[in-house]
Each structure stands twice: as structure tokens, then as C-alpha cells.
Amino acid sequence: MTTTDERAVPVTSPATGAPAAEPGLPPADERPVTLSGRDAYRDELTRLAASDDTIVCLEADLGGKGHPFQAAHPERFFNLGIAEGAMVDMAAGLAAGGHKPFVSTFAPFAALRAAESLKLTLGYLAAGVTVVAPYAGVSGAWFGTTHHCLEDLAILRSVPGVTIAAPYGDAEMRAVVREAVRSGRPHYIRTGRNATYASLPLPLPEPQPGGELPLVNWEFRAGPDDVCLVSVGEEGTRLALAARRAAPGTAHAHLVYLDHENLTRAAAELARHHDRFVVVEEHRGQGGVAEALALLLPEARVTSVSADRSWPAHGGDHEEVMAALGLDLPAVLAAVEKA
């Protein structure tokens, strides 16, 4: 079985603007030349740090050999080892001293192991720290339950003042990192392992409130009586695009920013166009985006396609573990049909 890390579902290239194979229908799977989310983060932060000496990069023993930031700016790179809470605490001090710290570790260790430090640093202190969390969801697949993270959105969305993003593809990740540097606000950025995707094309350039990315990116618009897929994160978007190929009349709205403030505004826009939604996300249903939208849109029908309440009992590649949790293309298509 082909693993997620080796597959991608590209759409129109933002760089070239080339049209899709058929109007309103995503093209077939290909392998775009792009970086994974975590590598795009490292590359973009290294580039930005060349002209901003307040940017500091901290890693919890994930730097590996040849980390681009370490190579370009060794005096501003710190490998703290497996001391995630201490790393976040150190970042709080650096932010208080006028720096812009970016910290990175596996999502389960950032959102769960260092949860108290995140609450105090990003929430109570509102420190300008950005946490970049790869290996979200079950992208760690073979590493087992200790390295899975299906609860991070529930935890971070409950901390006021944190901007939460789950970019899809190289271009979106770079835009989110630029916005985190520009705004100086606390950020939590969720990404996967090594999968590569071409970001969705952006609408025509226009001023966006709070950044380069639209609140809702309408990959395909349909009539108000049609069901609207709402995609979240890398795998949610991959599955939504696959469902669109199977059910081409289905609307598709893609969300990058998932905190309460941004979701409240996005929900208002979604409600202007549709009243039936199928939210696809690699997260538990409890505390996820579907649950949040259901509360924000009490007059709408919101269906969740997410990881169920069980724990993966066997190893497998990313897609196999997702399917064991009830998160695959048949589940998405069944939810669209039912809605």
C-alpha cells in the first residue's frame, strides 16, 4: 500500500496558476516538487532570520544533521534535548527579552507533555512564542500511540489568545510562519511528518484581515442547497480533495486558522453560503473543529469525519492507521451522502 508520505493531492499551482484538468474538479494525484510542512517551516524561518536577528530557533532533539537554521545562524539555534517543558519556559524568557522564539517538537510532546508550560507561556503570559508541532494526528503511525496526537486542537483551542494553524502544503506553511513573525502573537502550528502537498491556489490578491491567507479558501463553490466539505490540516484536505473527485458537485471550503477567534469569523462566512457541512480532520471528534463549528452554527447541520474514540491497536503506515480509526475516503463519501 502506498504510504501518505509518498503521495500528494496537488491542485492548481499557486506559482503557475495552471488550470485544473477539468473545470471545478481537482486533478489526479501527482508528486509535486515541494517540501513537507516541517521542512518548509525550517526553510522559511531560516530565510526570515537572515534579515531579523531577533528570531531564535529552539528544537527538542529533533534538529538532526544539517538543520538549515543551525547551519545559517548557529548562535541563535538551541537544541534542548528531550526537555520540552523547559524549552517552552526558556522561550518565554527569550520573548520577554525581545526575541521571537520558535520552538519545535513532536505534537504529543508539545501539546501534552508540555501542556502546563504552553498554558502559562502562550496563554497567561501571552508571550510571543510560536510552537511548531510536527507528527500531529497519527502521522507517526509506526511509532505507536505514544507518538500519536489526536488531542492537541482540543487542548490548544481551550487556551485563550493562541492563534492555531494547520497549513496544507509548502506555500501555506510559509505564509503562516511569516504571519507569526509579523504579528508577534502566540502561535501553535500543527503539521505532519514527511508528507508533501501543493497548497491550494489562493483567491485573487486582496487585503486579508490579519495575514496573507483567506479565512475560508473556497476550493470549489456550489449552490446553497449542496453539501459543503470543510477540510482541516494535511490529511483532512487530502481526503476532501479525493472526495471531490468522487463527488464533483460537492462544495469544498478549506480552513487554515482554527482558534476560536478565527473560527468564529470563518463560521459566519460559511453560513452565508451553506447550511450542511461535513468537516474532515485528523483529530478526535471531541474538541475538534466540527464540534466548534456545530456550536458556532446552531442552525446548520455539521457532520464530523474524524478519528473515533478508540486507540490504534496495530502498527501500519499513516493511511492504514487512519483507516483503522474510521478516517478514510469511504467514511468521507458516506458522510457526504448522508448529509
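What you are looking at is a predicted structure, and each value in this text was computed from that prediction instead of being measured.
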Item checked: side chain to side chain contact (heavy atoms under 4.5 Å, CB included) between E282 and V232, intermediate numbers included -> CA-CA 8 Å; E282 189 183 4; V232 173; over 6 Å; no
Note to self: Assess the residue pair V138 and H318 against the criterion (side chain to side chain contact (heavy atoms under 4.5 Å, CB included)); give the C-alpha distance rounded to whole Å, side-chain angles, the decisive distance to 0.1 Å, and a yes or no.
What the structure shows: CA-CA 6 Å; V138 292; H318 193 174; 3.9 Å; yes
Note to self: Could you go through L270 and W218, starting from their C-alpha distance and side-chain angles, then the distance that decides it, and tell me whether this counts as side chain to side chain contact (heavy atoms under 4.5 Å, CB included)?
What the structure shows: CA-CA 10 Å; L270 290 170; W218 293 95; 3.9 Å; yes
Notebook entry, point to check: Stepwise, does the side chain to side chain contact (heavy atoms under 4.5 Å, CB included) test hold for Y257 with R265?
Noted result: CA-CA 10 Å; Y257 288 104; R265 293 158 55 211; over 6 Å; no
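Between F277 and L297 there is a side-chain heavy-atom pair separated by less than 4.5 Å. Residues N194 and R38 form a side-chain contact, since some pair of their non-hydrogen atoms from C-beta on lies under 4.5 Å apart. The shortest distance between side-chain heavy atoms of M173 and L35 does not fall below 4.5 Å. By the 4.5 Å heavy-atom criterion applied to side chains, V176 and T163 are not counted as neighbours. Contact check for L200 versus L241: side-chain heavy atoms found under the 4.5 Å cut-off. V162 is listed as a side-chain neighbour of I164, based on a closest heavy-atom distance under 4.5 Å. A 4.5 Å side-chain heavy-atom check between T191 and P167 finds every atom pair outside the cut-off.
Residues passing the ring pair (Phe, Tyr, Trp, His ring centres under 6.0 Å) test with H260: none are found, sequence neighbours excluded. With sequence neighbours excluded, the residues forming a salt bridge (charged side-chain N to carboxylate O under 4.0 Å, His left out) with E84 are R113, listed by chain and number. For E261, the salt bridge (charged side-chain N to carboxylate O under 4.0 Å, His left out) criterion is met by R185, not counting sequence neighbours. Considering only residues two or more places apart in sequence or on other chains, T54 meets the side chain to side chain contact (heavy atoms under 4.5 Å, CB included) condition with D52, K100. Every residue was checked against the salt bridge (charged side-chain N to carboxylate O under 4.0 Å, His left out) condition with R76, not counting sequence neighbours, and none meets it. Annotation: salt bridge (charged side-chain N to carboxylate O under 4.0 Å, His left out) contacts of E44 (sequence neighbours excluded): R47, R174, R178.
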Can I get a per-line list of side-chain donor-acceptor pairs under 3.5 Å for residues 323-339, giving both atom names and the distance, sequence neighbours left out?
from : atom 1 : to   : atom 2 : distance (Å)
D328 : OD1    : A331 : N      : 3.1

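Within 6.0 Å of CZ in R221 there are more than 12 heavy atoms belonging to other residues, nucleotides or ligands. Around CD of E269, the count of heavy atoms belonging to other residues, nucleotides or ligands within 6.0 Å exceeds 12.
Contacts classified as salt bridge (charged side-chain N to carboxylate O under 4.0 Å, His left out) and involving residues 147-159 (residues at least two apart or in different chains) are given here: E151-R284, D152-R190. Applying the side chain to side chain donor-acceptor pair (under 3.5 Å) test to pairs two or more places apart or on separate chains, those with a residue in residues 89-99 are D89-S117. Residue pairs meeting the ring pair (Phe, Tyr, Trp, His ring centres under 6.0 Å) criterion with at least one member in residues 102-121, sequence neighbours excluded: F106-F109, F106-Y135, F106-H147, F109-H147.
The heavy-atom pair separating A115 from A111 by the smallest distance is CB-O, 3.3 Å. Minimum interatomic distance between N217 and P201 (heavy atoms only, all atoms of both residues): ND2-O, 3.2 Å. What you find for A95 and G128 is that their closest heavy atoms are CB-N, 4.1 Å. Between A110 and L118, the shortest heavy-atom contact is O-CD1, 3.2 Å. G285 and S304 make their closest contact through CA-OG, 4.3 Å (heavy atoms, listed as atom of the first residue, atom of the second, distance). Contact detail for V256 and L258: the closest heavy-atom pair is O-CG, 3.6 Å.
Within the model, atoms CG of N79 and CE of M87 stand 9.5 Å from one another, a figure rounded to the nearest 0.5 Å. Rounding to the nearest 0.5 angstrom, the gap separating the CZ atom in R238 from the CD atom in E234 is 10.5 Å. Note: R42 CZ to S104 OG = 6.5 Å, rounded to the nearest 0.5 Å. A distance of 8.5 Å separates NE2 in H254 from OH in Y168, rounded to the nearest 0.5 Å. With rounding to the nearest 0.5 Å, the separation of CG in L94 from CZ in F78 is 6.5 Å. Here the CG atom belonging to D43 is positioned 7.5 Å from the CG atom belonging to D170, to the nearest 0.5 angstrom.
Salt bridge status for R182 with E212: absent, with no side-chain N to carboxylate O gap under 4.0 Å.
No donor-acceptor pair under 3.5 Å is formed between the side chain of H283 and the backbone N or O of S306. With hydrogens and angles ignored, the 3.5 Å screen pairs no side-chain donor or acceptor of T34 with any backbone N or O of T196. Although no hydrogens or angles enter the test, the distance criterion places no donor-acceptor pair under 3.5 Å between the side chain of E281 and the main chain of G288. Here the side chain of T121 pairs no donor or acceptor atom with the backbone of A92 at under 3.5 angstrom. Distance alone, capped at 3.5 Å, places no donor-acceptor pair between the E172 side chain and the G169 backbone. When atom types are taken as modelled, the side chain of H67 and the backbone of F69 share a donor-acceptor pair closer than 3.5 angstrom. H148 places a side-chain N or O within 3.5 Å of a backbone atom of A141 that can act as its donor or acceptor partner. The main-chain N or O of G223 is found under 3.5 Å from a side-chain atom of D226 such that the two form a donor-acceptor pair.
Through direct or indirect side-chain contacts shorter than 4.5 Å among Ile, Leu, Val, Met, Phe, Trp and Tyr, L295 is connected to no other residue. Under a 4.5 Å side-chain heavy-atom criterion applied to ILVMFWY residues, the cluster that includes Y124 comprises L120, L125 as well.
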